[in-house]
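As structure tokens, the structure follows; a few thoughts come after it.
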Amino acid sequence: MSLALARKYRPATFDDLIGQEAVSQTLSLALDGNRLSHAYLFSGLRGSGKTSTARIFAKALLCEKGTTSHPCGTCTHCVMSAENRHMDIIEMDAASNRGIDDIKDLIEHTKYKPSSARYKIFIIDEVHMLTNQAFNALLKTLEEPPDFVKFILATTDPLKLPATILSRTQHFRFKKIPQNLVLKHLEHILNLENIGYEKEALDIIARSGAGSLRDSLTLLDQAIVYSKNFVDVSTVTGMLGIIEPSLLEQLLDDINRKDKSKILAFIKMAADYEAEMILDELTLYLKELLLTQNSKFTPMIIERFFRIIADAKGLLSLGSDGEFVLTLTLFKMMEALEIKDIDAMIRGLEKELKGVEVSEIMVTTPPETEIITITEDEIVATLPKKKIAEETPQQAQEPSIAKSRNRVTASSQDAVSEPIAEPIQSTVSELQQDSDSNTSKSAVTKINKVAEPVEANPHQKTFDALIQKIYDRNYDLGACFERNIEFESFEEGKLTWGSAAEGEDKKQLITHWGVINMFVKELFGFETKIVNIAKKKTYRGLTPNHSGSNEQVNKVAKTVEAKTAHSDADSGSMLEDIEMKSSCIAPEAGETEAAKEKDPSSLLEEPMIKEAIALFDPKKVRIKRNS
């Protein structure tokens, strides 16, 4: 009668076991040294030899020659054990006999001595299938069985066993059988069967067995039938539904040559196969290339290919279209060849630089800062006459206000700093013209014109939001700001306001200037410049009936002149109060040291000028002297 190869060539001794040297050696030494336990647990992959080892061990315990690792195989007990008909070897399948009643029957059998042999041996296969009640019923007997009873438990999933069972047994772990050992065993069996084969075909079978010798022998049985007693690659790949290794080899050659037409032809041919199977076979082929140190691809390229394949398998697990994922994977592998590694880039750079001679290295240093002193008349003389004629009255009055001040302007290659003082209002010139006419009525009319209220500015709402922000930050500061600051205008990035702050209010505004400036830039724009107008008490008591003498007109003109628009450093500015002691810009300082004219060379030692020079790093600094 014909038997399956897995049954026909089942191991009969410890020497016949494939790939389980640690287990066979330990059990052999225990038998020869008579150091036996009452319970054993064999766990491991399916088809790794657990049940075969249990039967060999049972036969070794019952041999008439005594407990030995090499039973005779000829005595009555050995023959009955080999034919699976020994009365004292009881095999139980826990998958079909898993209840507590089955375990009760087994325990009842342990009470009776063996019929003819030395021991009564119970082999329980797939023991992890027992119920919890059955395990609990077995515990006491498994811990302290009679001297003539031996338990051998076998399972593929030891993690499902209770810890109480594991602690009462000697645990032997069966590992996966290496592929090369499976291959040798398959060759040995085919030689005994006188069947021809191709080694590459057996290699595919051994790899498909995944470490299980029984699975590999089952596939070999199937291949013998399918190939008509000659096991070759084409029949094995056709039987298993996998792609031939030669096609994968040709595919990688096409990828290496970047032959897109042949890659597309392969994708069309591979439509009959599963994309996941092709990726698995491709991974195994790349592994073989790496282990054999094939020079076709470097380890870096193989690593990139593996990452691409791993990403593709992740896409397949999401239910993506297999053919599209395979196409994308192969083209990504082709693109991965374009990436250069660091060593190749360094070698290429060295090759490019080889023979290049550096003759001279020019190092330039920036020129020293040049100081030039010029007067305002010299600047005006350089302006075109047409431009001077077109100046507005407001620009024409500017020199009269700034004559008493020295201005320092730091210029770089592309930018010149903003002037410190803003132009005066044109109201003064209009009043002076009216005073020359000696017409009091005209003068009073102009005064009333000045006193007329200004229309609401569209930026007033933004200024009100500024006041509200300051209130939210500091209520006292908001009240002080609203009480003393009045919005004037916002034009061309310049915010103009009037300030009547004095005494403690002025100190408070100066102290919190940073917060105010931050809110201004947040609401009006980062480039916004603040123009502060120092407001003083104005005269609004003139009526049309009042005689308009020149003295009164001049008095009003002086009052208006005091209301001059200037930049952040003017005499009425909040910043000026901080800088007046060390600044040359202090019109109201009188005879103080800050009001005196400074020597041009000493201006560079001023802290503010030093900070400006350090900030802009100018090549040239011009000091303007007003007469």
Side-chain angles (χ1 to χ4, degrees), residues 6-7 10-12 14 17 20 23-24 26-27 30-31 36-62 67 77 80-115 117-175 212 214:
R7 294 182 60 187
R10 180 186 290 273
F14 288 117
L17 287 175
Q20 308 296 343
V23 175
S24 60
T26 304
L27 293 177
L31 289 167
L36 301 175
S37 177
H38 60 277
Y40 295 88
L41 174 63
F42 297 161
S43 67
L45 181 71
R46 68 191 184 284
S48 57
K50 301 184 297 298
T51 305
S52 298
T53 304
R55 292 176 179 177
I56 295 171
F57 187 61
K59 183 170 63 174
L61 288 172
L62 302 183
T67 56
H77 296 295
M80 288 190 298
S81 298
E83 295 176 356
N84 295 325
R85 57 184 181 85
H86 201 292
M87 293 282 297
D88 295 323
I89 299 178
I90 304 170
E91 289 193 26
M92 172 182 172
D93 179 20
S96 55
N97 302 279
R98 59 193 304 264
I100 187 172
D101 293 334
D102 300 310
I103 296 301
K104 284 182 179 180
D105 292 341
L106 184 146
I107 294 173
E108 189 68 23
H109 281 82
T110 62
K111 296 178 181 179
Y112 304 102
K113 290 185 177 182
S115 59
R118 188 180 301 109
Y119 297 104
K120 180 174 282 191
I121 301 171
F122 294 89
I123 301 176
I124 306 177
D125 201 5
E126 302 296 334
V127 69
H128 64 275
M129 299 296 292
L130 292 177
T131 62
N132 291 332
Q133 294 80 2
F135 275 125
N136 292 332
L138 184 62
L139 285 178
K140 185 63 178 177
T141 304
L142 189 64
E143 182 179 6
E144 296 178 354
D147 294 339
F148 53 82
V149 172
K150 301 293 180 183
F151 284 101
I152 302 176
L153 313 179
T155 179
T156 56
D157 194 355
L159 298 178
K160 291 184 178 180
L161 297 181
T164 50
I165 296 292
L166 294 174
S167 65
R168 287 166 168 81
T169 60
Q170 284 191 12
H171 191 180
F172 290 84
R173 296 171 177 83
F174 286 68
K175 61 183 181 179
S212 171
R214 183 174 63 234

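In what follows, residues are counted from 1 in the order of the sequence shown.
Applying the side-chain hydrogen bond (donor to acceptor under 3.5 Å, both in side chains) test between Thr155 and each of His128, Glu126, Lys50 identifies His128 as the sole match. For the side chain to side chain contact (heavy atoms under 4.5 Å, CB included) criterion with Ile103, the lone passing option out of Met92, Arg98, Gln133 is Met92. Of the candidates Asp93, Ile89, Leu153, Ile89 is the only one forming a side chain to side chain contact (heavy atoms under 4.5 Å, CB included) with Ile123.
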What verdict does the side-chain contact (heavy atoms from CB on, under 4.5 Å) test give for Arg118 and Thr67, after you've listed the backbone C-alpha separation in whole Å, the side-chain angles of each residue and the deciding distance to 0.1 Å? CA-CA 9 Å; Arg118 188 180 301 109; Thr67 56; 3.9 Å; yes

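Residues Leu36 and Lys150 form a side-chain contact, since some pair of their non-hydrogen atoms from C-beta on lies under 4.5 Å apart. At least one side-chain heavy atom of Leu61 sits under 4.5 Å from a side-chain heavy atom of Leu31. When side chains are defined from C-beta on, Gln20 does not count as touching Thr53, because their heavy atoms never get closer than 4.5 Å. Inter-residue side-chain proximity for Met129 and Ile124 is flagged as unmet; no heavy-atom pair is nearer than 4.5 Å. For the pair Leu62 and Tyr119, the minimum side-chain heavy-atom distance is below 4.5 Å. Between Pro145 and Thr110, the closest side-chain pair of non-hydrogen atoms is not below 4.5 Å. At least one side-chain heavy atom of Phe135 sits less than 4.5 Å from a side-chain heavy atom of Leu161.
Evaluation of the ring pair (Phe, Tyr, Trp, His ring centres under 6.0 Å) test over residues 139-162, restricted to residues two or more places apart or in two chains, returns Phe122-Phe151.
Around atom NE2 of His171, more than 12 heavy atoms belonging to other residues, nucleotides or ligands sit under 6.0 Å away. Counted within 6.0 Å of CG on Asp147, heavy atoms from surrounding residues, nucleotides or ligands total 12 or fewer; the atom is thus considered open.
Taking His77 as the reference, His86 meet the ring-ring contact (aromatic ring centres under 6.0 Å, His included) condition, with sequence neighbours excluded. Looking at residues two or more places apart in sequence or on another chain, you find no salt bridge (charged side-chain N to carboxylate O under 4.0 Å, His left out) involving Lys113. Every salt bridge (charged side-chain N to carboxylate O under 4.0 Å, His left out) that Arg55 has, sequence neighbours left out, goes to Glu91. In this structure, the salt bridge (charged side-chain N to carboxylate O under 4.0 Å, His left out) partners of Lys140, at least two apart in sequence or on a different chain, are Glu144. With sequence neighbours excluded, the residues satisfying salt bridge (charged side-chain N to carboxylate O under 4.0 Å, His left out) with Arg168 are Glu143.
With rounding to the nearest 0.5 Å, the separation of CG in Asp125 from CD1 in Ile152 is 11.5 Å. Annotation: the span from Tyr112 atom OH to Asp88 atom CG amounts to 14.5 Å, rounded to 0.5 Å. A distance of 10.0 Å separates CG of Asn84 from NZ of Lys59, quoted to the nearest 0.5 Å. Here CZ of Phe42 is found 10.0 Å from OG1 of Thr169. Values are rounded to the nearest 0.5 Å. Residue Ile56 holds its CD1 atom at 9.5 Å from CG of Leu27, rounded to the nearest 0.5 Å. With rounding to the nearest 0.5 Å, the separation of CG in Leu138 from CD1 in Ile165 is 5.0 Å.
The two residues Ile100 and Ala137 come nearest to each other via the heavy atoms CG1-CB, 4.1 Å. Nearest heavy atom pair, residue His109 against residue Asp105, reads ND1-O, 2.8 Å.
Side-chain atoms of Asp102 come within 3.5 Å of backbone N or O of Gly99 as a donor-acceptor pair.
In the model, Ser52 has a side-chain atom that pairs as donor or acceptor with a side-chain atom of Arg10 under 3.5 Å.
Aromatic ring orientation, Tyr40 versus Phe57: perpendicular (interplanar angle above 60°, classes split at 30° and 60°).
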